[in-house]
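Take a look at the structure below.
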2 protein chains.
Amino acid sequence: MPPTRRPTIIDVAAAAGVSKSLVSLALRAEPGVSEATRARILHAAEDLGYRSNVWARNLVRGGENLIGVLITDLGNSYHTDVVLGLEEAAQEQGLSVMVAHGMRSTERLVAQLHRQLALGVAAVVVVSSWLPPDLLEASARAAPLVVVGRLPVAVPGLDTINNDDAAGTRLAVEHLVGLGHERIAHLGISNRPAAQQRRAAYATTMRDRGLAEHIVVVGPDDVTEGVATLLRATARADGTGPTAVFASNDLGASRVLDAAIDRGLGVPGDLAVVGYDNSTLARTVRPRLTSVDQPRADMGRLALRLVVERLEGRVEPRHEVVAPRLVVRGST
Amino acid sequence: MPPTRRPTIIDVAAAAGVSKSLVSLALRAEPGVSEATRARILHAAEDLGYRSNVWARNLVRGGENLIGVLITDLGNSYHTDVVLGLEEAAQEQGLSVMVAHGMRSTERLVAQLHRQLALGVAAVVVVSSWLPPDLLEASARAAPLVVVGRLPVAVPGLDTINNDDAAGTRLAVEHLVGLGHERIAHLGISNRPAAQQRRAAYATTMRDRGLAEHIVVVGPDDVTEGVATLLRATARADGTGPTAVFASNDLGASRVLDAAIDRGLGVPGDLAVVGYDNSTLARTVRPRLTSVDQPRADMGRLALRLVVERLEGRVEPRHEVVAPRLVVRGST
DNA sequence: ATGAAAGCGCTAACAA
DNA sequence: TTGTTAGCGCTTTCAT
């Protein structure tokens, strides 16, 4: 048995005794083919196990409709929510989306970016702050590139979408102030750009209000210690410890919650807690967490809009900033 | 300004003053091009913003290297773990993987499957039990198809990979028996095939051991009630309630954990709990959950192996079953 | 309603 | 080292 080449429309045409043009028309259900021949062609195709060659078809029709999306981590709902919004918008535009993820490894992420470019995506949307700026810059020359989320440094040639961390932080802090809190501490998790921005905005807001700052910064892996430090102060009866904590993300906030409850502090009675990101966690922990929400789906849709603009010829980069909002729940 | 057609190798060739063959060679870093011309070509390409047309390239080279993977839900670590293993194996084979997800919607999932086929994937791996069998069968005619996870009915023409639910259940129940438990209840969540299999295996195992069965089945949305029913029996002082619960998944098990602790029952002292799937949840709740682990990464790798076999011409379907193992933690 | 012929952009013989 | 020439499988005029 020969290595059985995959059948083409020519084979089908031969089998049905017609020209390949007719086959092409019939297979795509285009008008202009008599019922009889159409049936004969379809039957012959089925018979041979014919499958259209996508590459050839797209070569002719110009299959420029694939958008690559790169996210840090499949398990992170922040990223997947952005993807959802983007996919929704893409569907409306008749564009396809291809998602790749780095499984929390920069190396993997870089490989995936190259793979997508090699696969011929028309543009790439990066929802991750893990890619090195020089790579982004280089890639932006190969295809339109939109970065969603924090960008550590300005990179020429690409579009960006960010939430306004300063505004989000202000929302959180002023919510607490409005509730009568004056001793508001900040728990900063990690030194990533987002955390830094939020920390700075916290400091500014407190200063503007004439309130004293109380900042604890911890690495992502030793949140527990920082939380303990914070709460030791709170437990003091002399009334100098914080009555509220604003954490730079929901995970940190949930740790504060846990620790507070372990120490017999009531939330929000003895201690109010606000997080950032409005993640699943915020809707899961008890009490439910008040948290700053980034309009993730909107950011995804916006990303797609920028992509389309680029594809249509826009050349000067755009940097969009979206406004977060505060979701108030049981923890304040 | 005209609608600027995308540059081709011919444009690059003209700009560099060479033939298109040279451009093709230079761009692919093939040998046989002098350093000087190569540099000139690369520069011209960069200058024009040239990007290779994947469709044309694949038409010629026979781009049979893209594997589509379909998962129910980006947020489900069972699925993403399978994908991880698969991607690892794919990388070794020089195959590319394209992941699409259905965001917990059958309709979306179906659309994604069609999209992948239209995009020309060489084969599809479906990690989901949400696709209707007839669609699977039809798709299996369009491209090799491997289904990972439970398959409700036998579908001709496709390969399957499953964990041995009966064996896993036996592992769980006999672990409890070995710990001295005799009144072991089962909490079945949903009526999906996996849950059914586990329920049946529980019944068999208990019967084999001469122990009385105690089964509570609940829908995925009202687990709470079922758990309450179970625990009311446990709380009775007359010593007839269960001393252990085997739940058909980790979510159910974690609910049992929560409820037990709310009622002042010690785990594992008053009540031992075993889950299924060894999900993130099992490593998160307190006490940590003893759970049956499916070798997810292995299943992914196996899926890729089956795909490769199909691509190399295997025609008779294969149905692989992998052995789960029990991970013992604090809840028993 | 049907067929012939001209490409789509690229790779790969083969010549020069 | 370079250029010329066929295709890859399909869609799409344009004749018939």
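Note that these values count all heavy atoms, side chains included, but never hydrogens, waters or copies made by symmetry. Quick note on labels: first sequence line is chain A, next is B, and so on, each numbered from 1.
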Given side-chain contact (heavy atoms from CB on, under 4.5 Å), test L109(A) with L135(A) step by step and report yes or no. CA-CA 11 Å; L109(A) 211 51; L135(A) 177 65; over 6 Å; no
I'd like a table of atom pairs between the protein and nucleotides 11-14 of chain C - only N or O on both sides, under 3.5 Å - with the distance next to each one.
from	atom 1	to	atom 2	distance (Å)
dT11(C)	OP1	R57(B)	NH1	3.3
dT11(C)	OP2	S24(B)	OG	2.6
dT11(C)	O4	K20(B)	NZ	3.4
dA12(C)	OP2	R28(B)	NH1	3.2
dA12(C)	N6	S21(B)	OG	3.1

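Other residues, nucleotides and ligands place more than 12 heavy atoms under 6.0 Å from the NE2 atom of H319(A).
Nearest heavy-atom pair, L66(A) versus V97(A), reported as atom, atom and distance to 0.1 Å: CD2-C, 4.1 Å.
In this structure, L27(B) places its CG atom 9 Å from P of dC10(C), rounding to the nearest Å. Between the CG atom of D11(A) and the C1' atom of dG9(D) there is a distance of 11 Å, rounded to whole Å. Nucleotide dT5(D) holds its P atom 15 Å from the CG atom of L22(B), rounded to whole Å. Atom CG in L59(A) sits roughly 4 Å away from atom C1' in dC8(C) (whole-Å rounding). Rounded to whole Å, atom C1' of dT11(D) lies 16 Å from atom CH2 of W55(B). Per the geometry, CG belonging to N53(B) stands 8 Å off C1' belonging to dC8(C), to the nearest Å. The interatomic distance linking N58(A) (CG) with dT11(D) (C1') rounds to 12 Å, in whole Å. Taking atom CZ of residue R40(B) and atom P of nucleotide dT2(D), one finds them 8 Å apart after rounding to whole Å.
One finds a side-chain N or O of T37(B) lying less than 4.0 angstrom from the OP1 or OP2 phosphate oxygen of dT2(D). Close to dG9(C), at under 4.0 Å from its OP1 or OP2, lies no side-chain N or O of T8(B).
With R296(B) contributing its side chain and G85(B) its backbone, the two residues share no donor-acceptor pair below 3.5 Å.
The closest side-chain heavy-atom distance from V308(A) to L95(A) is below 4.5 Å.
In summary, R305(B) and E320(B) do not engage in a salt bridge, as defined by a charged side-chain N under 4.0 Å from a carboxylate O.
Y50(A) pairs in a side-chain contact (heavy atoms from CB on, under 4.5 Å) with only one of the listed residues (L27(A), D11(A), V23(A)), which is L27(A).
Of the candidates dG9(C), dG3(C), dT2(D), the closest approach to any side-chain atom of S19(A) belongs to dG3(C).
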